[in-house]
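Below is one structure, written out as C-alpha coordinates; the observations come after it.
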Amino acid sequence: VLFRSSTNRSKYRILSNDEIFKIKQKIKRKQNFDVIDKKIIGKLDFIKECRDKIPKRIVSKQQLIHNDLIPSNTVFKSNKLVSIIDIDSLQIGNLYEDIVQCSFRFIIKNTRNINDIKKKIRIFLKNYTYRDYKNLDLQQYKILLFKLILEKISFIIRERYFMKSNLWIKDISKYLKFLDICNMIA
(Lines give C-alpha, C1' and ligand atoms only; values in the text may rest on other atoms or scores of the structure.)
Protein backbone atom coordinates (compact mmCIF):
# COMPACT_ATOMS: atom_id res chain seq x y z
CA VAL A 1 0.00 0.00 0.00
CA LEU A 2 1.39 3.38 -0.98
CA PHE A 3 0.81 6.14 1.55
CA ARG A 4 -0.22 9.49 0.13
CA SER A 5 -0.13 12.39 2.52
CA SER A 6 -3.16 14.56 1.83
CA THR A 7 -2.93 16.94 4.78
CA ASN A 8 -2.70 20.46 3.40
CA ARG A 9 0.10 21.90 5.55
CA SER A 10 -0.21 25.36 3.96
CA LYS A 11 -3.37 25.89 6.01
CA TYR A 12 -1.18 25.63 9.11
CA ARG A 13 1.47 28.08 7.91
CA ILE A 14 2.32 30.50 10.70
CA LEU A 15 0.78 33.95 10.23
CA SER A 16 2.91 36.45 8.29
CA ASN A 17 3.37 40.11 9.23
CA ASP A 18 1.04 41.04 6.38
CA GLU A 19 -1.68 38.68 7.63
CA ILE A 20 -1.32 39.97 11.19
CA PHE A 21 -1.66 43.55 9.92
CA LYS A 22 -4.78 42.64 7.90
CA ILE A 23 -6.34 40.82 10.86
CA LYS A 24 -5.79 43.85 13.12
CA GLN A 25 -7.46 46.04 10.50
CA LYS A 26 -10.40 43.65 10.12
CA ILE A 27 -10.98 43.55 13.88
CA LYS A 28 -10.68 47.33 14.27
CA ARG A 29 -13.23 47.86 11.46
CA LYS A 30 -15.77 45.50 13.04
CA GLN A 31 -18.69 47.32 14.58
CA ASN A 32 -19.43 44.61 17.12
CA PHE A 33 -16.33 42.73 18.01
CA ASP A 34 -16.73 39.95 20.52
CA VAL A 35 -14.67 38.40 23.31
CA ILE A 36 -12.73 36.27 20.82
CA ASP A 37 -11.84 39.33 18.73
CA LYS A 38 -10.61 41.11 21.88
CA LYS A 39 -8.57 38.10 22.92
CA ILE A 40 -7.00 37.71 19.47
CA ILE A 41 -6.19 41.39 18.92
CA GLY A 42 -4.64 41.45 22.39
CA LYS A 43 -2.37 38.52 21.50
CA LEU A 44 -1.33 39.31 17.90
CA ASP A 45 1.88 41.10 18.88
CA PHE A 46 2.75 38.26 21.26
CA ILE A 47 2.07 35.74 18.46
CA LYS A 48 4.45 37.70 16.23
CA GLU A 49 7.09 37.79 19.00
CA CYS A 50 6.82 34.02 19.51
CA ARG A 51 6.92 33.39 15.76
CA ASP A 52 10.17 35.34 15.51
CA LYS A 53 11.82 32.90 17.96
CA ILE A 54 11.46 30.07 15.44
CA PRO A 55 14.30 29.53 12.94
CA LYS A 56 13.27 29.95 9.30
CA ARG A 57 14.18 26.34 8.56
CA ILE A 58 14.11 23.34 10.88
CA VAL A 59 16.09 20.42 9.47
CA SER A 60 14.91 16.98 10.49
CA LYS A 61 14.46 13.43 9.34
CA GLN A 62 11.09 12.95 7.70
CA GLN A 63 8.89 9.94 8.32
CA LEU A 64 5.26 8.98 8.77
CA ILE A 65 3.86 10.73 11.88
CA HIS A 66 0.45 10.83 13.56
CA ASN A 67 0.32 14.66 13.62
CA ASP A 68 -2.34 14.78 16.34
CA LEU A 69 -0.89 12.56 19.06
CA ILE A 70 -2.64 13.88 22.16
CA PRO A 71 -4.14 12.12 25.20
CA SER A 72 -7.63 11.96 23.70
CA ASN A 73 -6.23 10.04 20.72
CA THR A 74 -4.71 7.31 22.85
CA VAL A 75 -6.35 4.32 24.52
CA PHE A 76 -4.86 2.80 27.66
CA LYS A 77 -5.75 -0.41 29.45
CA SER A 78 -4.11 -1.28 32.79
CA ASN A 79 -1.75 1.69 32.35
CA LYS A 80 -0.48 0.36 29.01
CA LEU A 81 -0.99 1.97 25.64
CA VAL A 82 -3.16 -0.37 23.58
CA SER A 83 -4.22 1.85 20.71
CA ILE A 84 -3.66 5.14 18.94
CA ILE A 85 -6.78 6.45 17.24
CA ASP A 86 -7.83 9.33 14.96
CA ILE A 87 -5.25 8.69 12.28
CA ASP A 88 -6.79 10.91 9.62
CA SER A 89 -3.99 13.46 10.11
CA LEU A 90 -1.18 11.03 9.27
CA GLN A 91 1.49 12.68 7.18
CA ILE A 92 5.16 12.64 6.35
CA GLY A 93 6.82 14.95 8.86
CA ASN A 94 9.28 15.52 11.67
CA LEU A 95 9.07 12.79 14.32
CA TYR A 96 10.20 15.34 16.90
CA GLU A 97 6.92 17.18 16.31
CA ASP A 98 4.90 14.14 17.38
CA ILE A 99 7.23 13.57 20.34
CA VAL A 100 7.03 17.19 21.51
CA GLN A 101 3.28 17.55 21.02
CA CYS A 102 2.48 14.24 22.69
CA SER A 103 4.77 14.76 25.69
CA PHE A 104 3.59 18.34 26.22
CA ARG A 105 -0.08 17.43 26.05
CA PHE A 106 0.37 14.53 28.49
CA ILE A 107 2.43 16.74 30.83
CA ILE A 108 -0.17 19.52 30.96
CA LYS A 109 -3.11 17.16 31.16
CA ASN A 110 -3.07 17.26 34.96
CA THR A 111 -1.26 20.49 35.78
CA ARG A 112 -0.92 24.08 34.63
CA ASN A 113 1.73 24.87 37.25
CA ILE A 114 4.69 26.15 35.22
CA ASN A 115 7.30 24.78 37.65
CA ASP A 116 5.76 21.29 37.47
CA ILE A 117 5.59 21.53 33.69
CA LYS A 118 9.26 22.57 33.41
CA LYS A 119 10.31 19.78 35.75
CA LYS A 120 8.34 17.14 33.84
CA ILE A 121 9.69 18.32 30.47
CA ARG A 122 13.26 18.12 31.80
CA ILE A 123 12.60 14.62 33.17
CA PHE A 124 11.09 13.59 29.84
CA LEU A 125 14.05 14.96 27.87
CA LYS A 126 16.55 13.32 30.19
CA ASN A 127 14.92 9.92 29.92
CA TYR A 128 13.54 9.83 26.38
CA THR A 129 15.56 7.84 23.86
CA TYR A 130 14.52 6.36 20.56
CA ARG A 131 17.01 5.32 17.91
CA ASP A 132 18.54 8.49 16.48
CA TYR A 133 16.28 10.78 18.48
CA LYS A 134 18.42 11.08 21.60
CA ASN A 135 19.57 14.66 21.15
CA LEU A 136 16.39 16.63 21.66
CA ASP A 137 17.26 19.38 24.13
CA LEU A 138 15.10 21.92 25.94
CA GLN A 139 15.77 24.68 23.39
CA GLN A 140 14.81 22.44 20.44
CA TYR A 141 11.77 21.27 22.39
CA LYS A 142 10.65 24.84 22.98
CA ILE A 143 11.19 25.87 19.35
CA LEU A 144 9.15 22.92 18.06
CA LEU A 145 6.46 23.56 20.66
CA PHE A 146 6.22 27.22 19.58
CA LYS A 147 5.95 26.09 15.97
CA LEU A 148 3.24 23.50 16.63
CA ILE A 149 1.13 25.81 18.80
CA LEU A 150 1.51 28.75 16.41
CA GLU A 151 0.47 26.57 13.47
CA LYS A 152 -2.78 25.65 15.24
CA ILE A 153 -3.42 29.26 16.30
CA SER A 154 -2.67 30.51 12.78
CA PHE A 155 -5.09 27.99 11.26
CA ILE A 156 -7.89 29.03 13.63
CA ILE A 157 -7.30 32.78 13.16
CA ARG A 158 -6.95 32.47 9.38
CA GLU A 159 -10.22 30.52 9.24
CA ARG A 160 -12.03 33.19 11.28
CA TYR A 161 -10.79 36.33 9.55
CA PHE A 162 -10.08 35.22 5.98
CA MET A 163 -12.44 32.27 5.46
CA LYS A 164 -15.26 33.62 7.67
CA SER A 165 -15.40 30.30 9.51
CA ASN A 166 -15.31 29.62 13.22
CA LEU A 167 -13.78 26.19 12.76
CA TRP A 168 -11.93 25.27 15.99
CA ILE A 169 -12.60 28.76 17.44
CA LYS A 170 -13.61 27.12 20.73
CA ASP A 171 -9.96 25.97 21.02
CA ILE A 172 -8.34 29.39 20.57
CA SER A 173 -8.18 30.13 24.32
CA LYS A 174 -6.58 26.75 24.99
CA TYR A 175 -3.88 27.27 22.34
CA LEU A 176 -3.20 30.84 23.46
CA LYS A 177 -2.73 29.49 27.01
CA PHE A 178 -0.37 26.82 25.62
CA LEU A 179 1.59 29.62 23.93
CA ASP A 180 1.88 31.45 27.26
CA ILE A 181 3.10 28.24 28.92
CA CYS A 182 5.61 27.59 26.15
CA ASN A 183 6.97 31.11 26.54
CA MET A 184 7.55 30.51 30.27
CA ILE A 185 9.57 27.32 29.70
CA ALA A 186 13.19 28.32 30.26
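Just so we're clear, the structure is a prediction, and the values are computed from it rather than from any experiment.
- Salt-bridge annotation for Asp34 and Lys38: absent, with no side-chain N of the basic residue lying under 4.0 Å from a carboxylate O of the acidic one.
- Within a 6.0 Å sphere centred on CZ of Phe162, heavy atoms belonging to other residues, nucleotides or ligands number more than 12.
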Item to check | Test log, rule ring-ring contact (aromatic ring centres under 6.0 Å, His included), inputs Phe104 and Phe124 | outcome: CA-CA 10 Å; Phe104 179 74; Phe124 171 79; over 10 Å; no
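- Ring geometry, Phe155 versus Tyr12: the interplanar angle falls under 30°, so the pair is classed parallel (tilted spans 30 to 60°).
- The main-chain N or O of Gln140 is found under 3.5 Å from a side-chain atom of Asp137 such that the two form a donor-acceptor pair.
- Of the inter-residue distances, the one linking Phe178 atom CZ with Leu176 atom CG reads 10.5 Å to the nearest 0.5 angstrom.
- Atoms CG and SG, from Leu145 and Cys50 in turn, are 10.0 Å apart once rounded to the nearest 0.5 Å.
- For Lys53, the NZ atom counts as densely surrounded, since its 6.0 Å shell holds more than 12 non-hydrogen atoms of other residues, nucleotides or ligands.
- Across every non-hydrogen atom of Phe33 and Ile27, the tightest pair is CD2-O, 3.9 Å.
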Item to check | Pair Lys147-Glu97, salt bridge (Lys or Arg N to Asp or Glu O under 4.0 Å): steps then yes or no | outcome: CA-CA 9 Å; Lys147 177 184 177 290; Glu97 291 183 10; 2.8 Å; yes
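- Minimum interatomic distance between Ile181 and Ile114 (heavy atoms only, all atoms of both residues): O-CD1, 3.6 Å.
- With Glu19 as the fixed residue, the salt bridge (charged side-chain N to carboxylate O under 4.0 Å, His left out) test singles out one of Arg160, Lys26, Lys48, Arg158: Arg158.
- Counted within 6.0 Å of NZ on Lys30, heavy atoms from surrounding residues, nucleotides or ligands total more than 12; the atom is thus considered enclosed.
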Checklist entry - Could you walk me through whether Lys43 and Asp180 pass the salt bridge (Lys or Arg N to Asp or Glu O under 4.0 Å) check? => result CA-CA 10 Å; Lys43 287 289 191 173; Asp180 287 334; 2.8 Å; yes
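- Scanning all heavy atoms of the two residues, the minimum distance from Tyr141 to Val100 falls at OH-O, 3.6 Å.
- Here the straight-line distance linking atom CG of Leu95 with atom CD1 of Ile92 works out to 11.5 Å at 0.5 Å rounding.
- Heavy atoms of other residues, nucleotides or ligands lying less than 6.0 angstrom from NZ of Lys119 number 12 at most.
- Two residues are said to be in side-chain contact when any heavy atoms from C-beta on lie closer than 4.5 Å; Ile156 and Ile40 fail this criterion.
- Between the side chain of Ser154 and the main chain of Leu15, a donor-acceptor pair closer than 3.5 Å is present.
- Taking each heavy atom of Ser89 and Asn67 in turn, the nearest pair found is O-CB, 3.2 Å.
- The nearest pair of heavy atoms linking Asn183 to Lys142 is O-NZ, 3.5 Å.
- Here Lys11 does not pair with Glu151 in a salt bridge; the nearest charged N to carboxylate O distance is not below 4.0 Å.
- Side-chain contact of Asn73 with Arg105: a donor-acceptor pair under 3.5 Å is absent, judged by distance alone.
- Counting non-hydrogen atoms of other residues, nucleotides and ligands closer than 6.0 Å to CD1 of Ile87 gives a total of 12 or fewer.
- Considering every non-hydrogen atom in both Leu90 and Leu64, the closest pair reads CB-CD1, 4.2 Å.
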